[in-house]
Amino acid sequence: MLELFRKAWLLVQGAGPGAILKSLLAAWDRDRLEAPLPKGPPAWQGIPPLEGAELGPWGGRFFGEGVGLRVRFLGPRAVECTWTPGALPLPYARVRDILEEVQVEGERTGEGWRLWASGLEVRVGASGEVQVLLEGRPLFRALPPERAGEAWRQGVVLDPGEALYGLGERAAPLDLRGRRYRLWNRDPGGSYGPGADPLYLNIPLWLSLKPEGSYLVFFENPSEAWADLGAEEEGVARVAFSGGALRYLLFLAPPAALLEGYTALTGRPPLPPLWALGFHQSRWSYESEGEVRALVQGFQSRDLPLSAVHLDIDYMEGYRVFTVDRRRFPDLKALAQDLEAQGVQLVAILDPGVKADPHYPVYREGLEKGVFLRRPEGRVYLGPVWPGWTAFPDFTDPKARAWWGGLYRRLPGPHGFWHDMNEPAAFMAWGEATLPRTLPHALEGRGGTHREAHNLYALLMNRAAYEAWEGHPKRRPFFLTRSGWAGVQRYAWVWTGDIETSWAALRQTIPTLLNLGLSGVAYAGSDIGGFSGAPDAELFLRWFQLGAFTPLFRVHSAKGTPRREPWAFGEETEGILRAFLKLRLSLLPYWYTLAWEAQARGYPFLRPLFWLDPQDQGLWRVEDCFLLGEALLVAPVLEPGARVREVLLPKGEWLDFWTGKRHRGPGPVQAQSPLERIPLFVRAGSFLPRQEGGELLLHLYLPEEGEGTGLLYRDAGDGEGPFRLDRFRFRREGNRLWLDWTGEGDYPPGEGLWVVLHGLGEERRVFLKALSRLEVGL
Ligand code: MIG
């Protein structure tokens, strides 16, 4: 109740006293426009049997009365199944149609048909059941789908103990099984905590681990959906789509290869500008040029490394996108240039909504070009957001995307943009805070309604922005988005929105980010300290320590919250924050190498422990720590007062990052976690490139015996230009160590590198000349 008043008060303060009335009107209007929703649960009906088939070297088509199934092999480990009737999805999620041509063979069997190619086999039953086997192992079984009106429902059989991950952004446990989720991008409004569902960004895919193997299934259907990920006793997951054809893409492989396959089809995140991997300070809002300059000065005078400052909605003129309030920011471009000279970038927020003001050029142009969403009867649809009555570009129209992309040039200065409210969100006094499902959309000229386009809205807003920037020779784009769908990783980073300020919310951040990563979204982070409240020094510190190991490392908070600059919590805290800012900075060469890996293979930065050993079921549900790449295990502190915590180590040798102590996994260890530290372990056998005092050092964590490799990616840090990818190898036998450096690319390798050897009792350094080999006596 208090929260409700707080929200209403903020709304009135920010959007004016008329905001409440507008939100009442808009909700009433929405209810009139909304198609009457069916009462009661849908009456699911079985499909008629499949009676005929047409087999080809690509797969097969199967027909029953009024239904069809097409099975297409996308490669030796991937297959696509499409059930019709229903509109086929527009290829918004995909950058490729197939991975690799394979020659499919097929035959009729007693119960149905069999298709196979290079170890992958699909069995289609006359009932409509689809079973997929890899090298004879049955890994996926889909029951005959069901229909209710235009909706489709698909059951997938689950094994006992099977664990499921993904679904985009979830405030749920890491293993998503045994709960029901809705897939409809939604602003939960103001603040959310663990258990809230759905959130801003949904992706209809799950990755499954079972003792016999793993698979990833992506349902390529953007319409509103529900996924009931069957409890243990039930043994079936059911996913229902409100319309469109029922299509899924299935990949069979170990987890890393699943991400590689899925992102080969839906795209990988491009390399960001290096600065984006540094620290970002934000709040709603730093309101004037003077305030921003003082903020940056505050960081510099205290020796606190800062990479970016975010401007929230108050920099605009009455919340009109692509405008600047000249009284607060007389010359945004000059400000951005001055900050850049000090190593700090400006990032500006943008909402998709355009204020319906006839004197505002952006609105006038949008009207002239006919790019705004219209009501079914033809008038431009207006919904209330920050600027008051607002029109919404139809990003499913290529003309609207091109226009929108061109607008970024009108905001000279910032080199990063932060896309908020793009679920899309609108202030509605009751019901869903979004647009009516009946609004018509262009959908590339094919036509459709918001029911189909809703979940695509943010994806396509980001695409519009990205495509306008792509190929800029000097600057790589940086976009941060709240909402999205499958493929959003190609265009933008994601932050987890208005998470509440609480220890439970801090703990939630780990599984939320891990599941985003397993859904293809490698770049993400949460508002450090929580969005909505006032963290005490300990909670803020622990959240900051976690944030230092998430791709987006940003402090942000709501209007009216107490200050969150690193010096706002007293000197002791400031000192620890400084140390973590510097630790992050020193690890940037490692982060940047992982960025290269994300771009090349689609791997997330943050990986669940099972990434290293998918067979170890003891790791499947570990959600209080994570891997950063394959070298580092990060165990944030998630409870107040905890000065020691247990960490479960996967198999292999692990070296304590702080003390150098060697541990052998699998198994738990008790790790010290005083306020100045969170437990960090380095996998023995890893190289960890770091920069210290302007110098690049290669840290090598030696196992007692054995070998390993490591990568290092380097380039100028922004724009297009030469790069290099170095590969390091070592082998340790008794007291002999061999080091070997090879590489490719035109970026100069330098003379050589100091290799810092860990795990020998005392630290030792040896100099490795560029692209050479070295033998060392230990
Ligand atoms: O209705 O721009 O999630 O990060 O500070 C709230 C103001 C709008 C929601 C975002 C939040 C941002 C805030 N926005």
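Count residues from 1 along the sequence. Both ligands and their constituent atoms are indexed starting at 1 by order of listing. Quick caveat: nothing in here was measured; it's all calculated off a predicted structure.
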Could you check Q297, E289, E291 and say which one makes a side-chain hydrogen bond (donor to acceptor under 3.5 Å, both in side chains) with R293?
-> E289

Rounded distance (nearest 0.5 Å) linking atom NE2 of H280 with atom NE2 of H310 =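 So the gap between those two atoms works out to 5.0 Å.
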
Heavy atoms of other groups near R327 CZ, more than 12 under 6.0 Å |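 Counting neighbours around CZ of R327, 12 or fewer heavy atoms of other residues, nucleotides or ligands fall under 6.0 Å, so no.
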
Count the heavy atoms belonging to other residues, nucleotides or ligands that lie under 6.0 Å from NZ of K333, then report whether that count exceeds 12.
-> no

Does W418 reach ligand 1, in the sense of a heavy atom lying below 4.0 Å from it?
->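 It does; at least one heavy atom falls under 4.0 Å.
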
Considering only protein heavy atoms, which is closest to [atom], and at what distance to one decimal place?
| atom | result |
| --- | --- |
| atom 4 (O) of ligand 1 | H556 NE2, 2.9 Å |
| atom 2 (O) of ligand 1 | D312 OD1, 2.6 Å |
| atom 10 (C) of ligand 1 | D420 OD2, 3.2 Å |

Residue pair L516 / L201: nearest heavy atoms and the distance that separates them =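 Scanning both residues completely, I find the closest heavy atoms to be CD2-CD2, 4.0 Å.
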
Between S191 and E500, what is the shortest heavy-atom contact and its length?
->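 The answer is OG-CB, 3.5 Å.
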
What atoms in ligand 1 come closer than 4.0 Å to a heavy atom of [X]?
| X | result |
| --- | --- |
| D498 | 3 (O), 4 (O), 9 (C), 10 (C), 11 (C) |
| M421 | 1 (O), 8 (C) |
| W386 | 1 (O), 6 (C), 8 (C) |

Is the closest N or O pair between S557 and ligand 1 shorter than 3.5 Å?
-> no

Side chain, backbone, both or neither: K559 near ligand 1, heavy atoms under 4.0 Å = neither

Answer side chain, backbone, both or neither: which part of I349 comes under 4.0 Å from ligand 1, heavy atoms only.
-> side chain

Is a side-chain donor-acceptor pair under 3.5 Å present for N462 with T481?
->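 On atom types as modelled, these side chains qualify, holding a pair under 3.5 Å.
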
